[in-house]
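Read the structure below first, then the notes.
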Amino acid sequence: MEKNLSKAFLKTSFFSAIILLIGYAATKHSSTKKMEIATDWRHDYHSFAEPNNAVVKHLSLNLNIDFEKNILSGFANWQIEKSADAKEIIFDTRDLTIEKITLNEDSTPINFELKSADKILGSALHIPISTTTNSVKIFYHTSQNALALQWLKPEQTTGKQKFLFTQSEAILARSWIPCQDGPAIRFTYDATIYCPKNLMAVMSVADNPQSINASGEYHYAQPKPIPSYLMALAVGEIAFKKINERCGIYAELPMVDKVAWEFADMGKMVDAAEKLYGPYAWGRYDVIVLPPSFPFGGMENPCLTFATPTVIAGDRSLVSLVAHELAHSWSGNLTTNATWNDFWLNEGFTMYFQMRIMEALYGKDYSDMEANLCVQDLQNTLKDFGEKNPDTKLKLDLKGRDPDDGMNDIAYNKGYLFLRLMEETVGRNLWDEFLKSWFAAHQFQSVTTEDFVEFLNKNLIEPHKEKFSSVNINQWIYEVGLPANATTINVTRFIEVDEQIKNFTTKNLIEKTVSKNWVTNEWLHFINNVPEKLSEKQLDNLDAAYHFTGNSNCEIADAWYYLCLKNHYTKINSAMEKFLCSVGRRKYLLPLYGEMIKSEDGKILAHQIYAKARGGYHSVSQQTLDELLKLKK
Ligand code: BES
Ligand code: ZN
């Protein structure tokens, strides 16, 4: 029996002993209640797996990519570990067709049970095992609507070639691999992928190919244990360009040089990150820029970040995305949220770390612009959600809900502000030392919020009690809204922007020379902070001076369209439609469609645009927008 399992058993018997004790003292009602919560912390409501009974340790994946039928087919061979009396192992699946299952080296198919599908979680796959079972080989194929997969037609890519990519976080890995799909379960993997001969396939590993292989057969190994949500695959006419010895970029062939220029600082970012919080644990760090339908800004797939092309602004002004996904190599990939209720441990920590990397490379003036914009976003989200909304807590309760519901600014930016306050409370040196020790002590482990609070109390608060007298940790983590002692972030570079806003608002003055050196952050601050209500003439003037409509910088275009929609300014409609039909990043889509449907005319427009654009969006974006626009799938 493995370390992990025996630890889990120890814990179980410890808890049973305590429950017995509590049973004796039947009157101690409050302790019983506390105990229930204690055992609940670690429970992952978003997976059917029962890892204390039988758990996966290593995956050998073997998949053929069929661009005609848009399916993956092959097998997942899982090495497992189990308790002495385990009778079955349970996997998560979603819309998978299970063809047959064999055990160990035996080729005789065994019986299994695929339970009926839950709307959010998919179908549990129960496989009977015995004391001699060491591996379980599942032959299967994916459905054409596998939620994690997006199959692109040639016209949806820059290079006009077919493309496929996966997006597994949070619980979509089960739609392309039968797996124990919870962030507290880690495994190593190797894989063989067969793809069309003119294409290249890359995965979340350090040993990716760097050129197209004439046979179409590729091999991979990830020797570090990772959770299933970090399983990733991308296939297309991809090329590689080196940045330095351990970093490089992948992109569609026509984009490679542009991407390499934009991300030239990647190597320095890894160096800066290591200096802050310890050695980079994953070997290589590469980034692949995907076609524009990728539903997120970035995804921290180990060794190979997946990124949207919307950050290729041509002036390196959106590279904090790389800092963010790189930071996840520590916060998230090394030390992982144990359940999706603890999502802020992944994203809040990563926002904090991202800002520190940006500060190290570009100075505090620069990174504080981004921090300040995050706080502005947070304030809007809090207003939207309502300060009393339980989803404004850092520690979430997503039981019975799609984990996607918790993936918003709260985890990111309230989490960020909390950690920044910790830094300011205790001073940067002590805080950095503490964070470094947090990652070192929890490498390749999954952690709950409660693990963090315990570690924080023991290693930082207790030894420096006097400094923490005015910080209420429990309020920050377990209560709604934003505590009053949240830091305000003053930004010198925004003073000039605020002046321009004032000139424009009070004197209708647009001073073009002042903004000559502004980067994206300044423009965002400007667009987001001009008065919410503007006249048609004012919007005409802004656009004539600054050419926001159709701007090739997606962040600027998006912020501008949002402002225009709020003012029913219809001159943007055709440019906005083009934008919405070419970009699938959910961060842009949701606010724009959301604003459109607030008026009757806008609703018609939203439905018209969505009818054209929906087919080009990833299922993650489709799901959110179908719900928003109340469409039946
Ligand atoms: N891990 C997230 C993306 C994600 C979160 C995917 C939840 C699925 C479910 C990634 O690291 C992220 O935060 N991306 C941001 C980048 C930004 C904060 C720089 C994004 O996509 O906008
Ligand atoms: Zn992130």
Side-chain angles (χ1 to χ4, degrees), residues 46 147-148 150 165-173 175 181 183 204 226-232 263 269 287 289-290 292-302 304-311 313 317-337 339-358 367 369-371 373-375 377-378 381 396 398 401-416 419 520-521 524 554-555 558 583-591 618-621 623-624:
H46 298 108
L147 290 175
Q150 191 174 14
F165 65 81
T166 63
Q167 170 54 43
S168 298
E169 193 181 12
I171 55 168
L172 303 182
S175 76
D181 201 6
S204 46
I226 62 164
S228 55
Y229 79 89
L230 297 176
M231 288 300 299
F263 294 160
M269 286 186 178
V287 175
V289 171
L290 297 167
S293 66
F294 184 57
F296 295 104
M299 178 64 214
E300 65 272 29
N301 298 314
L304 181 66
T305 285
F306 282 23
T308 169
T310 61
V311 294
S317 66
L318 296 173
V319 295
S320 58
L321 181 108
V322 176
H324 179 97
E325 305 311 337
L326 166 67
H328 273 304
S329 307
W330 288 258
S331 45
N333 300 2
L334 205 56
T335 301
T336 309
N337 54 206
T339 77
W340 298 114
N341 287 341
D342 305 297
F343 185 57
W344 79 278
L345 291 181
N346 273 18
E347 299 300 341
F349 275 66
T350 297
M351 287 306 292
Y352 177 80
F353 197 170
Q354 164 198 332
M355 299 298 179
R356 292 295 302 275
I357 296 171
M358 291 303 285
S367 60
M369 284 200 284
E370 303 199 332
L373 289 171
C374 286
V375 176
D377 288 344
L378 175 64
T381 302
L396 294 168
L398 295 167
R401 297 162 68 191
D402 193 320
D404 220 38
D405 289 359
M407 290 161 184
N408 53 56
D409 275 331
I410 303 298
Y412 286 79
N413 298 337
K414 184 179 172 183
Y416 168 68
L419 299 177
T520 309
N521 293 324
L524 290 179
C554 294
E555 287 290 325
D558 170 61
V583 172
R585 189 172 173 186
R586 193 167 63 171
K587 174 185 156 194
Y588 301 145
L589 307 185
L590 202 55
H618 187 279
S619 74
V620 160
S621 296
Q623 270 193 331
T624 316

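Small disclaimer: the values here were computed from a predicted structure and weren't measured. Atoms within each ligand, like the ligands themselves, are counted from 1 in listed order.
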What are the atoms of ligand 1, with element, lying closer than 4.0 Å to any heavy atom of Q167? 6 (C), 8 (C)

Check each atom of ligand 1 against the heavy atoms of E325 and keep those under 4.0 Å away; list them by number with element. 10 (C), 11 (O), 12 (C), 14 (N), 16 (C)

Distance alone, cut at 3.5 Å: any donor-acceptor contact between the side chains of T520 and E555? no

Per-residue contact class, E300 against ligand 1 - non-hydrogen pairs under 4.0 Å: side chain

Closest to atom 12 (C) of ligand 1 (judged by heavy-atom distance), picking from Y412, Y229, F306: Y412

Looking at the Zn ion (ligand 2), which N/O/S atom of E347 is the nearest one? OE1

Kindly assign one of parallel, tilted or perpendicular to the pair F165 and H618, based on the angle between their ring planes and the thresholds 30° and 60°. parallel

Among all protein heavy atoms in this structure, tell me which lies nearest to atom 20 (C) of ligand 1, with the distance rounded to 0.1 Å. G297 N, 3.4 Å

The Zn ion (ligand 2) as vertex, arms to NE2 of H324 and NE2 of H328: angle to 10°? 100°

Look at atom 5 (C) of ligand 1 and say which protein heavy atom is nearest, naming residue and atom and giving the distance to 0.1 Å. E169 OE1, 3.5 Å

E300 N/O/S atom closer than 2.8 Å to the Zn ion (ligand 2): no

Do side-chain atoms of H46 reach the backbone of L398 as a donor and acceptor pair under 3.5 angstrom? yes

Can you list the ligand 1 atoms lying under 4.0 Å from a non-hydrogen atom of R585? 22 (O)

Decide whether an N or O pair under 3.5 Å exists between E347 and ligand 1. yes

Contacting atoms of ligand 1, where contact means under 4.0 angstrom from a heavy atom of H328: 11 (O)

Return yes if some donor-acceptor pair links the side-chain N/O of T381 with the main-chain N/O of D377 below 3.5 Å, else return no. yes

With a cut-off of 4.0 Å, which atoms of ligand 1 are near a heavy atom of M407? 7 (C), 9 (C)

Do ligand 1 and G298 have nitrogen or oxygen atoms that lie under 3.5 Å from each other? yes

Any Lys/Arg nitrogen of R586 or D404 sitting under 4.0 Å from an Asp/Glu carboxylate oxygen of the other? yes

